[in-house]
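Below, chain A is the first sequence line, B the second, and so on; all start at residue 1. Computed from a predicted model, the values in this text were never measured in an experiment.
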Amino acid sequence: MFCYQCEQTYRSDEGAGCAGSKGMCGKDAATADLQDVLLHVCEGIGQYLHRARALGATDVEADRFVLYAFFTTLTNVNFNAAKFVRLIQTAGEIKERAQALYEAAAASAGKAPEALAGAAAFVPAAELNGLLAQAAEASVKKDAAALGEDVVGLRSLVLYGLKGVCAYAHHAEVLGEERDAIYEAVEHALDLLASGPEEIGPLLEEALALGRANFLAMEALDAANTGNFGTPEPTQVRVTPKKGKAVLVSGHDMKDLCAILEATKDKGIDIYTHGELLPAHSYPKLKAYPHLAGNYGGAWQDQQREFAEFPGPIVMTSNCLIEPQPRYRGRIFTAGPVGWPGIRHIDNGDFSIVAQAAAALPGFAEDAAEETITIGFGRDTVLGVADKVIEAVKAGAIRHFFLVGGCDGAAPGRNYYTDFAEHAPQDTVVLTLGCGKYRFNRHDFGTIGGLPRLLDMGQCNDAYSALVVATKLAEAFGAGVNQLPLSLIVSWFEQKAAAVLLTLLALGVRNVRLGPTLPAFLTPALVDVLVQKFGVLPITDAKADIEASLARAA
Amino acid sequence: MFKVNLVTRDGASLVFDADPSDTLLDAAAKANIFLPAACREGGCGTCRVTRKAGVVALGSYSRSALTDADRAAGDILLCRAAAHSDLELTAPFDKAVIGFSRIPERRARITDVGPAGAGAVRLVLRYEDDPTHGRAAEFIPGQFMELTLPGTSITRAYSLANTPNWEGTLELSIRLHPQGAFSAYLAGRAEIGDVLHVKGPQGSFIVDDGSQAPRWFVAGGTGVAPILSMLRQMAELGDARESHLFFGVNTQDELFATDVVEELSKSLPGFGATLCVWRPGPDWSGFAGTPAEALAAALADSSTRPDIYVCGPPKLIEATEAVALAGGVPHDRIFSERFSPA
């Protein structure tokens with residue numbers, strides 16, 4: 001295996017990347033290799049779909065499959081090698097279908113179809129050992145010796161950014177929101193990757209195109225979430241348990257959460273959110289369920305301890321899953337793209353078994369002392385008080401906005417984000433999103449002129465909401481986003497965050513401080529491009545970075 | 001006090017201190033690490049691990065639990081070994097079967113009891129609801145429960161044949177032994193509604209989820225119980241890999257659970273079964289011989305090198321290991337659980 005897609009990848013003096021029998025995430029070498037092969041076959045699908053689309057022919061089922069397949073390969077999503085053997089066979093069949101679609105479209109247009117090489121011509125082996133033998137030709141590193149690390153790193157940036165786009169687009173698709181422009185962009189990126197690009201320029205351009213596609217994907221997901229569940233509103237969420245039977249739902253998928261709420265209603269079972277599902281409490285149609293009781297625990301990296309102590313079933317609807325421990329292995333379920341060998345998977349939306357499990361497990365024996373936090377500051381809520389905000393900025397009551405958001409993780413350097421948020425001066429507002437917020441969202445930030453100083457905007461994909469707010473405020477001030485007293489302090493861990501970063505770059509948003517460490521696939525030369533061309537700044541020390549941000553605004 | 005580092009089959013490293021006056025099993029328990037064990041008297045081999053470095057003192061044990069060849073290869077029994085230096089150990093089981101809190105002790109009521117072929121009993125229990133554990137039956141297929149004979153302190157370990165469930169059901173297949181105290185109870189006095197004290201789940205005989213190889217299972221008599229649990233779980237998870245059961249009994253009238261095997265044939269893709277009768281009657285048309293012999297024939301006919309899971313009496317384990325090794329299956333791909341008359 002070789003994998004360096006996430007922030008926790010193995011780093012040593014010899015270089016970065018997980019290349020042993022198991023990755024730092026717990027993914028074994030066979031699974032990692034099979035994921036590479038799956039992505040390679042998907043590139044072949046993309047080659048055909050891209051050309052078919054140019055001739056007016058599309059296959060939306062194939063596009064949906066690519067989104068799902070890519071999502072399964074994100075960090076902390078699917079660890080089940082057997083699942084990948086099956087997915088690769090399906091991908092091979094879809095590739096043949098895409099080829100037929102393209103050739104028929106070419107014939108209709110009176111054109112001779114191109115005979116495609118590379119991934120399009122790749123035939124996956126029928127069984128495991130054959131597939132593992134093919135993995136080398138699908139590895140991100142395959143051309144490193146010939147082309148150098150810069151090209152390989154930039155290809156990786158495109159591939160991993162594409163994974164993030166696919167994951168967000170899949171979340172939106174399952175809730176009924178699709179965009180042709182996203183599928184077109186995905187196919188384009190797959191086709192480019194399949195062509196074995198060797199030039200920095202087109203790869204960088206593709207990365208930015210994916211950043212734009214990711215903006216569309218986040219917009220589609222925003223439309224999907226608000227369309228299905230209403231507009232987020234400020235909401236007090238209980239963060240301590242109540243006595244009674246309980247289910248814990250983690251991941252990002254609000255559709256699954258809604259199905260679980262339905263499956264457990266009127267049964268005396270409380271539903272708790274975990275990690276990135278905290279924002280669900282702010283959606284009117286979800287919070288209307290009286291048994292949506294609260295949020296339990298913190299960010300994903302603490303799950304082995306927290307899940308062990310949770311006295312009911314646990315459902316993991318999307319990333320981030322880490323190895324289920326003995327104490328809860330029998331009562332954790334996976335859904336959607338997630339999987340772990342030997343763990344029960346629910347793929348038909350029927351969560352009745354979760355209700356049965358909750359009834360059979362002990363639940364919380366006692367009420368804990370009630371504690372709450374306030375969430376639900378999506379774009380509509382914030383823009384609803386835009387006049388007050390603008391007035392406060394003009395009057396000097398609000399000096400600066402810090403968006404401290406993104407992923408959390410286990411790396412020790414991540415206390416930077418706690419320090420940053422908690423040391424931001426009292427005349428500044430901290431916006432947050434993603435699971436990085438758990439490092440400071442129980443801290444009392446106080447208020448400015450009646451507005452909370454900490455505004456939780458939602459999940460990582462609600463970066464869309466933040467961008468809409470920033471754009472509207474910039475309009476109100478008659479300035480550009482980069483002229484606003486706004487700094488973005490972004491923590492990344494996996495590929496959704498990589499896609500969000502590409503969106504920020506594509507939209508020309510500068511003043512992004514990125515950490516806790518920079519992606520291992522970005523070589524010094526590539527980092528230099530990000531710094532010089534896009535104004536990306538690696539994080540340093542929290543207090544120094546706060547001062548530097550404020551000095552820029554002054 | 002010495003340092004013990006035990007590395008599991010799936011690569012987890014567990015470190016604990018061990019005093020030379022404690023067995024390694026007890027030393028681990030003092031550190032809240034509850035390692036797989038059953039008889040705790042050197043008789044069953046459940047707690048067998050391999051010593052890679054360091055010195056141990058080994059108390060008395062049964063040669064069926066630890067053969068001379070195993071011992072020469074570095075194997076020890078945690079329940080009989082004490083550390084006399086720092087130790088490096090490797091375990092043939094996953095971290096998932098290690099407990100980090102006390103093994104649950106609960107009450108369960110008999111809901112069904114009846115014959116399972118000649119000389120064996122099928123016992124079905126249901127947990128009573130309790131505030132600490134609820135009523136769920138949580139275990140890993142292949143594990144066993146320790147049952148206490150009502151009104152006594154006599155305990156026996158029996159493997160579970162069903163899969164984890166939320167109704168709290170525990171299904172056990174138990175061979176009756178003419179002089180056995182528990183056997184006498186089951187054959188004569190046990191009634192629906194009786195409450196038994198049960199301790200578990202325990203045991204390390206579980207499938208290696210990290211392996212993609214086909215799984216072939218070899219069972220002798222009621223040794224099929226944990227294997228049925230594993231196969232039923234594979235069916236529930238939709239595991240489509242090749243799997244095969246070689247299930248042997250002495251005489252035809254001892255066969256049981258054939259309905260479960262038939263159901264698995266329908267619900268588990270890639271599954272096949274060979275029923276083996278050692279001393280068949282004239283009307284037996286299936287395999288005549290032991291399941292180890294059936295395994296030898298199948299390995300000779302196939303290029304497959306599966307993972308082998310075997311459960312049954314010590315002689316069946318030994319025969320199966322010999323056949324599998326001769327058939328090209330590596331030693332570390334053979335997983336066994338011995339059971340002996342208590």
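Heavy atoms closer than 4.5 Å to chain B are found nowhere in A:Lys83, neither backbone nor side chain. Both the backbone and the side chain of A:Leu361 come within less than 4.5 Å of a heavy atom of chain B. Both the backbone and the side chain of A:Ala359 have a heavy atom closer than 4.5 Å to some heavy atom of chain B. B:Ile206 does not touch chain A: none of its heavy atoms, backbone or side chain, sits under 4.5 Å away. For a residue to count as touching a neighbouring chain, one of its non-hydrogen atoms must lie under 4.5 Å from one of that chain's; by this rule A:Ile343 touches chain B with the backbone only.
Scanning both residues, A:Gln356 and B:Trp166, for their nearest heavy atoms gives O-CB, 3.8 Å. For the pair A:Pro326 and B:Ala96, the tightest heavy-atom approach, listed with the atom from each and the gap, is CB-O, 3.1 Å. Shown here for A:Pro362 and B:Pro131, the closest heavy-atom pair between the two residues is CB-O, 3.2 Å. Shortest non-hydrogen contact noted between B:Leu237 and A:Gly342 is CD1-CA, 3.6 Å.
Here CD of B:Gln212 is found 8.5 Å from CG of A:Leu132. Values are rounded to the nearest 0.5 Å. The line from CD of B:Glu236 to NE2 of A:His345 is 15.0 Å long, rounded to the nearest 0.5 Å.
Side-chain contact between B:Asp10 and A:Glu323: present, with at least one pair of heavy atoms (C-beta onward) separated by less than 4.5 Å. In this structure, B:Glu138 and A:Arg329 have side chains that are not in contact, with every pair of non-hydrogen atoms separated by 4.5 Å or more.
If you tally non-hydrogen atom pairs under 4.5 Å between each of A:Pro341, A:Ala365, A:Ala30, A:Gly330 and chain B, the highest count goes to A:Pro341. The choice from A:Arg327, A:Lys22, A:Arg331 that makes the most heavy-atom pairs within less than 4.5 Å of chain B is A:Arg331.
Under a cut-off of 6.0 angstrom, the local environment of OH in A:Tyr10 is sparse, with at most 12 non-hydrogen atoms contributed by other residues, nucleotides or ligands.
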